[in-house]
Novice: 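Got a structure for you, written out below as structure tokens; questions coming shortly.
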Amino acid sequence: MRIATWNVNSLKARLERVEDWLSYAHPDVLCMQETKMADAAFPTLAFQALGYEAAHHGSGRWNGVAILSRVGLEDVVAGFSGATEDETVESRLISASCGGVRISSVYVPNGRSLDSEHYQAKLEWLGQLRDHLLETCDPADQVAVCGDFNVAPEDRDVFDPAKFRATTHTSEPERDAIRRLSEWGLVDAFRELYDQDRLYSWWDYRAGDFHQHRGMRIDLILASRPLAKSARWGLIDRFARKGKSPSDHAPVLIDFEV
DNA sequence: ATGGTAGCGCTGCTA
């Protein structure tokens, strides 16, 4: 099973690129983030025409997550288990069972700056994600949590660690939150396959960062151990970050033998 | 050097 994740930075602006990418990358499952649209605007038929079922959770101009699958899409849950209306309004999590794997598409809050209340909210959100997984999943099963985590797990996941000393994405509390997910039983599956540095999935639009390969690896596929064990090959598709009007993120994909 | 670009949508916020 080929599982992919891609922060598309507006599905309305990127639909044609996403369709093209589905046609040549042929993922079995694609988790998307930052669709930036309401459920009513989601192009279900466009994906159906390519053989994908879809589940979307979005409320408007910000956030928005989706799962596309051509290996079945069952037991869709939007937001955290037992969350109130308020907590789901940001549309940052959707989960579904696809071909025997419990898959979540996550868009972790950015955090903005270390002294911001949004940074505290980011840490709380990551804690809620952990609680949600504890309540709804078993790490002995096939589980994949995919998306834009807005955290670079290690210094080697950032082009210049010194530049990011007092910023979000690299702080210890954020990395601790990711480590706690690992302790529960989720493996950074791309890292298991590829150990080198300079593997980035996001580049700032500004200052020619993509061209200079000044990026970060913040788009992750976290897999339970039974699933991670079957990972065979992976790719960060930088080709999809080139050309006219790309997303600022590249798709990340992994082939699993399930 | 605190810039730069992109999306949404029409003013400035978010990333």
Side-chain angles (χ1 to χ4, degrees), chain A residues 5-21 31-43 46 56-66 86-94 105-126 129 146-153 157-171 173-175 177-178 200-220 236-252:
Chain A
T5 183
W6 193 5
N7 179 323
V8 297
N9 187 16
S10 172
L11 184 55
K12 187 179 173 211
R14 221 72 65 201
L15 179 59
E16 207 178 316
R17 287 189 80 111
V18 174
E19 289 173 312
D20 286 350
W21 192 78
C31 296
M32 289 188 285
Q33 301 84 38
E34 283 209 87
T35 60
K36 294 186 176 177
M37 58 172 54
D39 289 338
F42 188 79
H56 179 253
H57 179 41
S59 45
R61 51 199 282 215
W62 288 308
N63 313 311
V65 286
D86 266 11
E87 290 165 324
T88 57
V89 81
E90 286 214 329
S91 310
R92 295 179 178 276
L93 169 68
I94 190 165
S105 178
V106 305
Y107 177 48
V108 176
N110 175 287
R112 304 190 193 182
S113 62
L114 296 186
D115 58 359
S116 164
E117 63 193 30
H118 296 277
Y119 174 74
Q120 291 306 320
K122 177 183 195 174
L123 297 177
E124 280 162 32
W125 197 94
L126 283 163
L129 176 63
C146 315
D148 177 359
F149 282 78
N150 272 315
V151 179
D157 295 315
V158 175
F159 78 93
D160 184 357
K163 266 197 163 55
F164 295 92
R165 277 291 168 247
T167 69
T168 59
H169 295 63
T170 59
S171 74
E174 290 165 85
R175 288 175 169 172
I178 302 299
Y200 310 136
S201 64
W202 171 86
W203 304 259
D204 199 304
Y205 280 122
R206 298 167 288 190
D209 277 10
F210 176 71
H211 186 68
Q212 302 293 325
H213 200 46
R214 292 188 292 251
M216 284 192 198
R217 193 177 68 91
I218 57 177
D219 299 275
L220 309 176
I236 300 175
D237 188 3
R238 287 170 60 209
F239 185 79
R241 177 63 171 79
K242 294 173 189 282
K244 191 175 179 291
S245 300
S247 168
D248 44 353
H249 296 251
V252 179

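We name chains A, B, ... by the order of the sequence lines, and we start the count at 1 in each one. From a predicted model like this one, the values you see are computed outputs, not experimental measurements.
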Novice: Starting from C1' on B/dT2, measure out to CZ on A/R112 and report it in whole angstrom.
Specialist: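 One finds 18 Å between C1' of B/dT2 and CZ of A/R112, rounded.
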Novice: Report the residues that fulfil salt bridge (Lys or Arg N to Asp or Glu O under 4.0 Å) with A/D157, sequence neighbours left out, ordered by chain and then residue number.
Specialist: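 Partners of A/D157 by the salt bridge (Lys or Arg N to Asp or Glu O under 4.0 Å) criterion, ordered by chain and then number, come out as A/R191, A/R217.
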Novice: Got a sec, which residues hit ring pair (Phe, Tyr, Trp, His ring centres under 6.0 Å) with A/Y119, two or more places apart in sequence or on another chain?
Specialist: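 Partners of A/Y119 by the ring pair (Phe, Tyr, Trp, His ring centres under 6.0 Å) criterion come out as none, since no residue qualifies.
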Novice: Do we see a donor-acceptor contact under 3.5 Å between the side chains of A/H213 and A/W203?
Specialist: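 Per modelled atom types, A/H213 and A/W203 side chains form a pair under 3.5 Å.
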Novice: Taking only N and O in the side chain of A/R61, is any of them less than 4.0 Å away from OP1 or OP2 of B/dG7?
Specialist: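 For A/R61, the contact criterion (side-chain N or O under 4.0 Å from OP1 or OP2 of B/dG7) is not met.
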Novice: Grab the CD-P distance between A/E34 and B/dA15 for me, whole Å please.
Specialist: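 For the pair A/E34 CD and B/dA15 P, the rounded distance is 7 Å.
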Novice: Are A/R14 and B/dG7 close enough that a side-chain N or O sits under 4.0 Å from OP1 or OP2?
Specialist: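 Indeed, a polar side-chain atom of A/R14 lies that close.
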Novice: Rounded to whole angstrom units, what separation is found between the CD atom of A/E90 and the C1' atom of B/dC13?
Specialist: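 Interatomic distance, CD of A/E90 to C1' of B/dC13: 13 Å.
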Novice: Taking the side chain of A/R92 as its heavy atoms from C-beta onward, which of B/dC8, B/dA15, B/dC13 lies nearest to it?
Specialist: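 Given the options B/dC8, B/dA15, B/dC13, the side chain of A/R92 is closest to B/dA15.
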Novice: Measure CH2/A/W62 against C1'/B/dA6 and give the value in whole Å, please.
Specialist: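 Those two atoms, CH2 and C1', are 15 Å apart.
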Novice: Do A/Q33 and A/S105 have side-chain N/O donor and acceptor atoms under 3.5 Å apart?
Specialist: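 Per modelled atom types, A/Q33 and A/S105 side chains form a pair under 3.5 Å.
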Novice: Please give, in whole Å, the distance from B/dT5 P to A/R241 CZ?
Specialist: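 Atom-to-atom, A/R241 to B/dT5, this comes out as 13 Å.
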Novice: Which sits closer to the 5' end of DNA chain B, A/S245 or A/N150, going by the nucleotide each is nearest to?
Specialist: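 Per heavy-atom nearest nucleotide, the more 5' residue is A/S245.
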Novice: Name the residue closer to the 5' end of DNA chain B, choosing between A/D248 and A/N9 according to the nucleotide with the nearest heavy atom.
Specialist: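 The residue mapped nearer the 5' terminus is A/N9.
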Novice: What residues form a salt bridge (Lys or Arg N to Asp or Glu O under 4.0 Å) with A/D209, not counting sequence neighbours?
Specialist: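 Checked A/D209 against salt bridge (Lys or Arg N to Asp or Glu O under 4.0 Å); matches are A/R214.
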Novice: Give the rounded distance in Å between these two atoms: OH of A/Y107 and C1' of B/dT14.
Specialist: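 Taking atom C1' of B/dT14 as the reference, OH of A/Y107 is at 8 Å.
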Novice: Round to the nearest Å and state the distance from A/Q212 atom CD to B/dG4 atom P.
Specialist: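 Whole-Å distance recorded here is 17 Å.
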Novice: Just to confirm, is there a sub-4.0 Å distance from OP1 or OP2 of B/dA6 to any side-chain nitrogen or oxygen of A/S10?
Specialist: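 For A/S10, the contact criterion (side-chain N or O under 4.0 Å from OP1 or OP2 of B/dA6) is not met.
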Novice: Identify, with sequence neighbours excluded, every residue that meets salt bridge (Lys or Arg N to Asp or Glu O under 4.0 Å) alongside A/R175.
Specialist: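 Testing A/R175 for salt bridge (Lys or Arg N to Asp or Glu O under 4.0 Å), a comparison that skips the adjacent residues, returns A/D155.
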Novice: Expressed as a whole number of Å, how far does the P atom of B/dA1 sit from that of B/dG12?
Specialist: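 Per the computed distance, 29 Å lies between those P atoms.
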Novice: How long is the line joining NE2 of A/H249 and P of B/dA15, in whole Å?
Specialist: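 After rounding, the gap between these two atoms is 11 Å.
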Novice: Using the salt bridge (Lys or Arg N to Asp or Glu O under 4.0 Å) criterion, which residues pair with A/D204? Sequence neighbours excluded.
Specialist: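 Here the qualifying residues are A/R206.
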Novice: Is there a residue in residues 201-209 of chain A whose heavy atoms reach under 4.0 Å of DNA chain B, and which residues are they?
Specialist: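 Correct list: A/Y205, A/R206.
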